[in-house]
Amino acid sequence: MSIEKMRYTATAPLTSGRDGRSTSSDLVLGVHLSMPRALGGAGDAGTHPELAIRVASSDGGWRASAVPRPGALARWQERRAKELLAANLSGRITLEELARSCELSVRHFTRAFRGSTGMSAHAWLLERRVDRAKDLLANSRRPLIDVALDCGFADQSHMTRVFQRTVGLTPKAWRRLHQRRVC
């Protein structure tokens, strides 16, 4: 598209296609005209119209959280559920409590949590436990049983099974590879 055509259509709005909001063609024209400078002065203003349109309409200034995600938790619900799970690595929080905090039924919560994170709440909790165990293993010389109990695992054996399935190494082998010098 030439600059003349873009100037001719500068008064018509462009639609981003995502949510039906429109973006001013003036923005596209401004980006289009500044492309040669942004690319180090190479080329003329008529060589990058597709890139200018893509850059100008890709973000449009609207936030990603404004776009509804079908089958997923709202951003505030996902944040609240993750905060509650992270604060209760011991697993003492129930699905009923999580669902209630998100103002959903248990069935809808479990489906929506999986839609948001790609895993069940229990799997997400186990990943956080393993992350906490990695931190403790790398930064302390505490016995494995203490690490396991502090991370919410039932015992050292439980931590070892989950850790090996998730990481591919036993906690002891992972510690040998990653432990920092601790006095």
Side-chain angles (χ1 to χ4, degrees), residues 15-23 53-183:
T15 303
S16 68
R18 285 197 214 166
D19 66 352
R21 287 185 161 186
S22 29
T23 307
I53 291 170
R54 181 140 179 107
V55 167
S57 64
S58 64
D59 181 31
W62 32 276
R63 297 174 15 177
S65 63
V67 178
R69 300 175 300 162
L73 294 170
R75 300 262 188 237
W76 71 268
Q77 291 171 320
E78 183 178 349
R79 185 174 50 251
R80 182 174 292 168
K82 286 178 176 180
E83 286 170 356
L84 286 170
L85 285 168
N88 292 286
L89 286 181
S90 64
R92 302 255 186 251
I93 192 163
T94 65
L95 280 175
E96 289 81 12
E97 292 169 318
L98 286 170
R100 192 176 323 115
S101 73
C102 293
E103 301 173 10
L104 299 171
S105 69
V106 173
R107 175 155 166 62
H108 187 75
F109 171 78
T110 55
R111 227 176 349 161
F113 190 90
R114 185 180 298 273
S116 295
T117 63
M119 62 181 72
S120 68
H122 185 253
W124 191 90
L125 177 66
L126 288 178
E127 279 195 4
R128 297 299 75 74
R129 287 178 180 171
V130 169
D131 290 344
R132 173 84 173 121
K134 284 179 180 179
D135 183 52
L136 291 173
L137 290 169
N139 297 310
S140 74
R141 292 187 173 271
R142 297 173 63 193
L144 292 179
I145 183 66
D146 291 344
V147 171
L149 295 176
D150 283 353
C151 294
F153 292 104
D155 54 30
Q156 181 180 338
S157 174
H158 181 218
M159 179 179 76
T160 300
R161 282 191 316 272
V162 172
F163 196 96
Q164 190 164 15
R165 183 176 61 230
T166 305
V167 179
L169 295 170
T170 63
K172 184 178 179 180
W174 191 92
R175 175 183 258 175
R176 268 190 254 124
L177 290 172
H178 296 90
Q179 189 166 33
R180 296 177 183 95
R181 295 227 169 225
V182 178
C183 297

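All values reported here derive from a predicted model rather than from experimental measurement. By convention here, the first residue in the shown sequence is residue 1.
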For the CG atom of L85 and the CZ atom of R80, what is their distance to the nearest 0.5 Å? 13.0 Å
Residue pair R175 / S140: nearest heavy atoms and the distance that separates them: NH2-O, 3.3 Å
So which heavy atom on L136 is nearest to which on C151, and how close? CD1-SG, 3.8 Å
So, does R129 use its side chain to make a donor-acceptor pair with the main chain of L89 at under 3.5 Å? yes
Check whether any side-chain heavy atom of L177 lies under 4.5 Å from a side-chain heavy atom of L169, and answer yes or no. yes
Could you pull out every donor-acceptor pair under 3.5 Å between side chains of residues 95-103 and any protein atom, sequence neighbours left out?
residue : atom : partner : partner atom : Å
E96     : OE1  : T94     : OG1          : 3.4
E97     : OE1  : T94     : N            : 2.8
E97     : OE1  : T94     : OG1          : 3.4
S101    : OG   : L98     : O            : 2.7

Quick one: side chains of residues 114-125, donor-acceptor pairs under 3.5 Å with protein atoms, not counting sequence neighbours, listed by atom name and distance.
residue : atom : partner : partner atom : Å
S116    : OG   : L73     : N            : 2.7
S116    : OG   : A112    : O            : 3.1
T117    : OG1  : F113    : O            : 2.9
T117    : OG1  : M119    : N            : 3.3
T117    : OG1  : M119    : O            : 2.9
S120    : OG   : A123    : N            : 3.1

Between D155 (side chain) and H158 (backbone), is there a donor-acceptor pair under 3.5 Å? yes
I'd like to check V147 versus F153 (side-chain heavy atoms, cut-off strictly below 4.5 Å). Are they in contact? no
R132 meets the salt bridge (Lys or Arg N to Asp or Glu O under 4.0 Å) criterion, sequence neighbours left out, with D135
Tell me if a side-chain donor or acceptor on T110 pairs with a main-chain N or O of R107 at a distance below 3.5 Å. yes
List for me each residue that meets side-chain contact (heavy atoms from CB on, under 4.5 Å) alongside Q164, sequence neighbours excluded, and say none if there are none. T170
Do L149 and Q156 come within less than 4.5 Å of each other through their side chains, counting heavy atoms only? no
Partners meeting salt bridge (Lys or Arg N to Asp or Glu O under 4.0 Å) with K82 (sequence neighbours left out): E78
Which atom pair, heavy atoms only, marks the closest approach of R128 to D131? NH2-OD2, 3.1 Å
Ring pair (Phe, Tyr, Trp, His ring centres under 6.0 Å) involving H108 - partner list, sequence neighbours excluded: none
Distance check, rounded to the nearest 0.5 Å: K172 atom NZ versus R176 atom CZ? 5.5 Å
